[in-house]
Amino acid sequence: MFEDSYPPRVVPVLVPMPAPGPYSYAVPEGMIVMPGSIVRVPLGPRQVAGIVWDGEGGDVNPKKLRPITQVFQCPPVPEEMRRFVDWVAAYTLSRPGMVARMVLRAPEAFEPERAVEGVVRTGLVPEKMTAARKRVLEITENGLSWTRSGLSHASGVSTSVIDGLIAQNVFSRIELQPPPVVAVPDPGYGANALSEDQAAAAETLKAAIDKGGFQSLLIDGVTGSGKTEVYFEAVARALEKGRQVLILLPEIALTQAFLDRFENRFGSRPAEWHSELSPRMRERVWRQVAEGRIRVVAGARSALFLPFEDLGLIIVDEEHDPAYKQEDRVFYNARDMAVVRGHIGRFPVVLASATPSVETRVNAQQGRYQRIELASRFADAALPTLKTIDMRKSPPARGSFLSPALVEAVQDTLARKEQALLFLNRRGYAPLTLCRVCGHRFQCPQCSSWLVEHRFRNQLMCHHCGHHEPSPEACPACGALDHLAPCGPGVERIAEEVVAQFPEARTIILSSDMPGGTKRLRLELDAIAKGEADIVIGTQLVAKGHNFPNMTLVGVVDADLGLANGDPRAAERTFQLLSQVTGRAGRTGKKSVGLLQTYQPEHPVIRSIVSGDRESFYAREIGEREKAMLPPFGRLAGIVVSAETRAEAEGHARQLRRAAPPAPDIAILGPAEAPLAVLAGRHRFRLLVQGEKRSDLQGFIRQLLERAPKERGSLRVHVDIDPQSFL
DNA sequence: GGGGACTCAAAG
DNA sequence: TTTGAGTCCCCG
């Protein structure tokens with residue numbers, strides 16, 4: 001008997017820390033675990049949740065071996081999900097435990113939800129009948145069970161009436177399943193009438209679902225072409241087949257309108273998953289997704305790591321959106337990992353965008369993704385007429401930033417009682433402050449970029465690293481008072497100009513850093529949709545999928561901004577942003593106009609925006625990328641190592657060049673160029689490492705990380721996805 | 001002598 | 001990633 005338990009059974013367990021692989025734990029006698037089981041294990045001085053992994057427990061010093069404390073009573077993490085974790089870890093050069101940590105992000109969800117106490121009729125009748133008791137009995141005639149409070153509410157009696165009936169055995173207490181977070185969606189609830197284009201596209205998607213197996217599809221349709229309705233049909237079909245569905249959205253916290261549309265189509269809301277969920281809700285959603293009780297989740301990128309019981313479709317809406325990139329700890333692009341997830345789970349993945357990323361277009365061109373085009377706007381929604389305003393010929397008055405032509409257009413719009421949107425992708429009041437006496441420029445002490453003045457907060461802020469300081473009264477270099485000059489506009493400064501020009505108009509600024517946070521922004525967006533504002537001044541936030549039905553003028557204050565900042569994706573980003581923002585106009589068929597203030601009206605990006613010729617943009621950009629060997633072409637431009645100082649970056653670069661041939665191409669970039677990834681925290685320099693094969697680069701980076709353990713913390717590796725090395 | 005800030009190694 | 005231990009420094 002004693003012998004039976006020796007040697008103890010040992011299993012690998014993935015624990016939430018950056019160890020190179022799973023740790024081994026002993027399984028106490030009588031405990032039943034299987035791969036995927038979520039367990040509580042001792043780890044150093046604490047207890048953590050981990051996932052029993054596949055294979056044998058590695059050989060460890062038996063003295064170190066400790067037993068699993070407990071197996072949680074929740075569904076094991078499915079095989080598909082475990083392969084996905086392994087794949088993501090290998091691809092992103094992160095430790096599997098850190099990826100597993102993303103799966104286990106709902107610590108209280110591993111224990112079953114507490115059952116709710118309910119009551120049900122026993123069949124007995126009360127000795128004495130009263131009016132209140134009669135009402136209760138009528139309502140419960142059908143024999144269904146009720147919660148105590150629910151029943152008291154429904155029958156309009158106090159709970160003590162029900163307690164009395166329980167005491168007389170007219171009702172008995174039962175345990176009810178905890179209530180679902182959301183009702184089950186009904187695929188046949190509110191099917192929309194589709195245009196011919198839309199119907200054809202929907203058929204293609206449904207065929208992919210019927211066929212089964214992995215496939216990635218791209219819905220490529222101009223803004224307003226009704227992509228959402230199209231992929232809703234795919235969602236409906238997957239639901240009919242009994243599969244779960246994940247809809248990924250960038251920044252779901254702001255997309256309340258999406259949830260309404262879903263509800264109109266399916267009769268109930270999808271479950272939400274994003275960082276602003278309350279811990280309680282997070283637990284319930286996680287648990288119910290694992291149990292298969294939730295059929296559709298609409299979530300931010302982290303929803304990709306929910307333990308779906310039977311996922312059968314992923315939609316990635318606005319697939320080009322940079323918000324899909326996670327750039328800390330585990331670096332990944334949720335759009336690409338969604339494709340991988342679908343491949344592992346053998347189901348279709350649908351990407352949707354009006355302005356697909358160049359990578360995705362290349363994938364479509366090469367036949368990896370099936371492209372479905374929606375060329376026209378839906379129903380009466382007409383695309384706005386777009387024009388440039390040449391700022392060399394029609395300059396703004398001195399000290400202002402809006403050209404007379406744009407001011408006039410705003411005036412006309414107000415006169416027609418319609419709304420105008422002025423777009424400038426720059427937060428704050430002025431991007432640079434300088435001293436007119438000595439020429440001093442305010443710079444960030446941490447990362448040497450310019451400090452942006454924010455008048456509302458009365459602060460100078462670094463948009464790079466978050467450093468901020470109070471706005472100064474005097475120049476710190478020469479001490480001169482009243483000679484600090486703001487240079488260039490931010491949205492706050494445009495708002496100042498607008499208020500001066502149109503004092504009677506109702507003006508709203510929409511910028512992610514306005515006080516009040518997400519909640520306030522949501523209210524503001526609602527207010528605008530209801531017509532409670534005349535002029536909206538906004539940063540890129542306004543480009544994102546909000547519907548402003550009465551918006552007939554979009555003015556782009558600086559269409560050139562972002563075209564020349566050294567980022568290899570600058571042209572693409574600008575094209576996407578300007579297409580999306582001008583697409584905000586004319587959603588309900590009113591004649592609408594987009595005006596782009598520019599100093600370079602002949603610039604190819606500006607021209608393709610104005611002419612509406614998307615294809616010329618993609619053709620040209622794909623060609624440029626190919627020439628420059630940038631993503632998604634040629635040599636993988638995929639790995640970025642950030643370091644704190646240039647010397648350190650050079651050290652890393654030397655090491656990499658010394659590493660076994662073929663040595664990769666390495667570029668060292670300062671904060672100003674900063675392409676491909678946001679500089680995180682204190683990291684000021686980055687090496688961009690290019691190589692022939694992903695596996696070579698992975699080798700280099702591993703070596704680098706191993707040889708430079710002292711630099712841990714000052715060294716960050718970022719993987720920029722190379723879509724051609726997938727799968 | 002104790003507390004705070006910091007670095008380091010270890011966790012099965 | 002988290003933790004505890006060790007070290008240094010400062011302080012009536």
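Bear in mind the structure is a predicted one, so any value in this text is a computation, not a measurement. When reading the values below, keep in mind they use all heavy atoms of this one structure, side chains included, and skip hydrogens, waters and symmetry mates. Each chain gets a letter, A, B and so on, in the order its sequence line appears, and its residues count up from 1.
Using a 4.0 Å heavy-atom distance criterion, A/P42 is classed as a sugar-phosphate-only contact. Counting non-hydrogen atoms under 4.0 angstrom, A/P45 reaches the backbone sugars and phosphates but no base.
For the pair A/M17 CE and C/dT3 C1', the interatomic distance rounds to 12 Å; values are reported in whole Å. Between the C1' atom of B/dA11 and the CD atom of A/Q47 lies a distance of 13 Å, rounded to the nearest Å. Regarding A/R46, its CZ atom lies at a distance of 11 Å from the C1' atom of B/dA10, rounded to whole Å. Protein atom CG of A/L65 is 19 Å distant from nucleotide atom P of B/dA10, rounded to whole Å. Distance, A/Y23 OH to B/dA10 P: 11 Å, rounded to whole Å. Straight-line distance from the CG atom of A/L43 to the C1' atom of C/dT2: 8 Å, rounded to whole Å. In this structure, A/N61 atom CG and B/dG12 atom C1' are separated by 10 Å, rounded to whole Å. Between the CG atom of A/L14 and the C1' atom of C/dT1 there is a distance of 13 Å, given to the nearest Å.
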Distance-only criterion, 3.5 Å: show the donor-acceptor pairs between side-chain atoms of residues 304-315 of chain A and protein atoms not counting sequence neighbours.
unit_1	atom_1	unit_2	atom_2	d
A/D310	OD1	A/R243	NE	3.0
A/D310	OD1	A/R243	NH2	3.2
A/D310	OD2	A/R243	NE	3.2

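Salt bridge absent: A/R335 and A/D321 never bring a charged side-chain N and a carboxylate O closer than 4.0 Å.
Side chains of A/Q70 and A/E111: a donor on one and an acceptor on the other come within 3.5 Å. Side-chain contact annotation: A/R457 with A/S471, donor-acceptor N/O pair under 3.5 Å absent.
In this entry the base of B/dG12 is anti relative to its sugar, with a glycosidic angle more than 90° from 0.
Between A/R101 and C/dT2 there is a side-chain polar atom (N or O) within less than 4.0 angstrom of OP1 or OP2.
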